[in-house]
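In what follows, chains are A, B, ... by sequence order, proteins preceding strands, each numbered from 1. The figures that follow rest on heavy atoms only: side chains count, while hydrogens, waters and symmetry mates do not.
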There are 2 protein chains.
Amino acid sequence: MTLRGRKKGETVPQGVVVRLPVYFRYLAELEAAGAERISSAQLGEALDFTAAQIRSDLSYFGSFGQQGYGYNVTDLLDQVKQILGITRDYSIVLVGAGNLGKAIGSYEWFRDEGFQIKAIFDIDPHLIGNYHVGCIIRPLDELTAYLAENPTDIGIIATPKDAGQSVCDLLVEGGVGSIWNFSPTHLNVPDEVIVEDMHLTDSLLRLVFRLNEQNLGQEQA
Amino acid sequence: MTLRGRKKGETVPQGVVVRLPVYFRYLAELEAAGAERISSAQLGEALDFTAAQIRSDLSYFGSFGQQGYGYNVTDLLDQVKQILGITRDYSIVLVGAGNLGKAIGSYEWFRDEGFQIKAIFDIDPHLIGNYHVGCIIRPLDELTAYLAENPTDIGIIATPKDAGQSVCDLLVEGGVGSIWNFSPTHLNVPDEVIVEDMHLTDSLLRLVFRLNEQNLGQEQA
DNA sequence: TAGATTGTTAATCGATTAACAATC
DNA sequence: TAGATTGTTAATCGATTAACAATC
């Protein structure tokens, strides 16, 4: 990946990382709908961002637009795919084959975009041996041996809270460099390991906080 | 809720809203483990925040600590519950009873904390009429009539992308003030409606971006 | 060409951090 | 009391926005 616009070593702000997938999603929708061009103003209107922010975000990675025209939808989509890194496949292990784990594993979009769940692990004897999305569910005991044989990009933790950290440790020791964490606990990992949290409980609590904040405002008015 | 520390009308920064549920989660763990007191430095150490940030965040809502001592775990947990608003029950409808919808509905924690799924809707004739977590799955046609009879705090959208906006419109027209959105699309709503997005795809893409960003750094080194 | 829109700079805004007086 | 730690202020840092020259 060439980083035309970005100086070497300059880190990308967190906000940009959050917005890039949003751009990707909407550009994919636009392309599917047959749209040819889009301006930063139109993008901003559709996604509730300012046009300046979108141009500023994109300029971290290069110059993808044309004055007086805007952006070509297909070109920009390709660029964003490049930037995000969804140009190759990723190998994944899923730990935890309960309701949530199974739902994650069944998500078609992942498979379509090259995210391949290669193995599933659980501790529940009732689940072990069953098949899910083409994978046999294996005992957690075998995780370490599996990782030694099969280099893995991403580990998904879909276990209850109590098991989160110990499963995380097994994954990290096994050389997995990034963790997608659905277990509702804070994971401690070495600096070089990436953790992306997907805390359903936190999200619902943010919603409730804002709901009350709003009602409070209305009471005072 | 009294807002001792916060001036009227002052809005709470987004970062604080993100961190409050993290504090809640960890304090609940501490209390379950029998811990009596905790300092901002210890909290920061455990959760990878600075002590100053934690004290600053809490001071938006009041003074809950004691110089030379820190915070009493139970007291602070109660205060955070108050702040978040999880002191009453919330009524919920769930739209979409596929894998993800069912997994969300089955999450025990929600029920324990007073989040009550009162009704489930779907369009799939194979699902309609089935029971899930004690609710019969109803046809989406009946959503509007249901909402007219049953005031609802939160609507969960666990449909595919294409149905997201139309289901959202039905919920908003039915008077639902907040939407927990799992469908991978940006929802347009009136200003007063709260949307909390839970985009699995976005989260995975953030992870992949950071994975590549890191690898890039290593190549250059 | 005239109109439109980019990429970028400078100005603004807001959030985080460091430091410390207050005090348990 | 002496030691510890809060709550808050001022300083720093970083992100967003507004504006505009460049140019398609």
| message | Does a side-chain N or O of B/R19 approach OP1 or OP2 of C/dT16 to a distance below 4.0 Å, or not? | response |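 Yes, within the criterion.
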
| Do the side-chain N or O atoms of B/S40 get closer than 4.0 angstrom to the phosphate oxygens (OP1, OP2) of D/dT6? |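 For D/dT6, OP1 or OP2 has a side-chain N or O of B/S40 closer than 4.0 Å.
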
| note | Per-residue pairing states of DNA chain C in dot-bracket (Watson-Crick or G-U under 3.5 Å; . unpaired, | other strand) read ..||||||||||||||||||||||

Check residues 101-115 of chain B and write down every donor-acceptor pair under 3.5 Å in which the side-chain atom is one partner and the other belongs to a residue at least two apart or another chain.
from, atom 1, to, atom 2, distance (Å)
B/S106, OG, B/K102, O, 2.6
B/S106, OG, B/H132, NE2, 3.4

Rounding to a whole Å, what distance do you find between [X]:[atom1] and [N]:[atom2]?
X     : N      : atom1 : atom2 : value
A/L43 : C/dG7  : CG    : C1'   : 15 Å
B/L58 : D/dT6  : CG    : P     : 10 Å
B/F64 : D/dT6  : CZ    : P     : 14 Å
A/I54 : D/dA15 : CD1   : P     : 18 Å
B/D48 : C/dT17 : CG    : P     : 12 Å
A/F61 : C/dG7  : CZ    : C1'   : 15 Å
B/F49 : C/dT17 : CZ    : P     : 10 Å
B/Y60 : D/dG7  : OH    : P     : 15 Å

| request: Would you indicate which nucleotide in C/dT16, C/dT6, D/dG7 comes nearest to any side-chain atom of A/S39? | output: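 The answer is C/dT6.
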
| task | Tell me, please, which residues at least two apart from A/T87 pass side chain to side chain donor-acceptor pair (under 3.5 Å). | result |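 Applying side chain to side chain donor-acceptor pair (under 3.5 Å) to A/T87 gives none.
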
| task | Using the test salt bridge (Lys or Arg N to Asp or Glu O under 4.0 Å), find all partners of B/D197 that sit at least two apart in sequence or belong to another chain. | result |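 If we apply the salt bridge (Lys or Arg N to Asp or Glu O under 4.0 Å) test to B/D197, skipping adjacent residues, there are no hits.
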
| Excluding sequence neighbours, so at least two apart, what forms salt bridge (Lys or Arg N to Asp or Glu O under 4.0 Å) with B/E29? |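 Scan of B/E29 (salt bridge (Lys or Arg N to Asp or Glu O under 4.0 Å), adjacent residues dropped) gives none.
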
| query | Taking for each residue the nucleotide of DNA chain D with the nearest heavy atom, is it A/S56 or B/G70 whose nucleotide lies nearer the 5' end? | reply |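 Nearest nucleotide further toward 5': that of B/G70.
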
| note | Readout for nucleotides 19-24 of chain C: B = base within 4.0 Å of protein heavy atom, S = sugar-phosphate only, - = neither; 5' to 3' it is B--BBB

| request: Flag this pair as yes if the NZ/CZ of A/R25 is under 6.0 angstrom from the six-membered ring centre of A/Y23 and inside a 45 degree cone about the axis; otherwise no. | output: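 Here A/R25 fails the 6.0 Å and 45° test against A/Y23.
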
| Contacts of type side chain to side chain contact (heavy atoms under 4.5 Å, CB included), residue B/P13, not counting sequence neighbours |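 Scan of B/P13 (side chain to side chain contact (heavy atoms under 4.5 Å, CB included), adjacent residues dropped) gives B/V16, B/Y60.
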
| side chain to side chain contact (heavy atoms under 4.5 Å, CB included) with B/I123: which residues, sequence neighbours excluded? |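 Side chain to side chain contact (heavy atoms under 4.5 Å, CB included) check on B/I123 returns B/L140.
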
| note | Quick note, salt bridge (charged side-chain N to carboxylate O under 4.0 Å, His left out) partners involving residues 43-62 of chain B, not counting sequence neighbours, are B/R19-B/D57

| said: Name the residue from B/V176, B/L100, B/L94 that meets the side-chain contact (heavy atoms from CB on, under 4.5 Å) definition with B/I156. | reply: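 Answer to the side-chain contact (heavy atoms from CB on, under 4.5 Å) test with B/I156 among B/V176, B/L100, B/L94: B/L94.
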
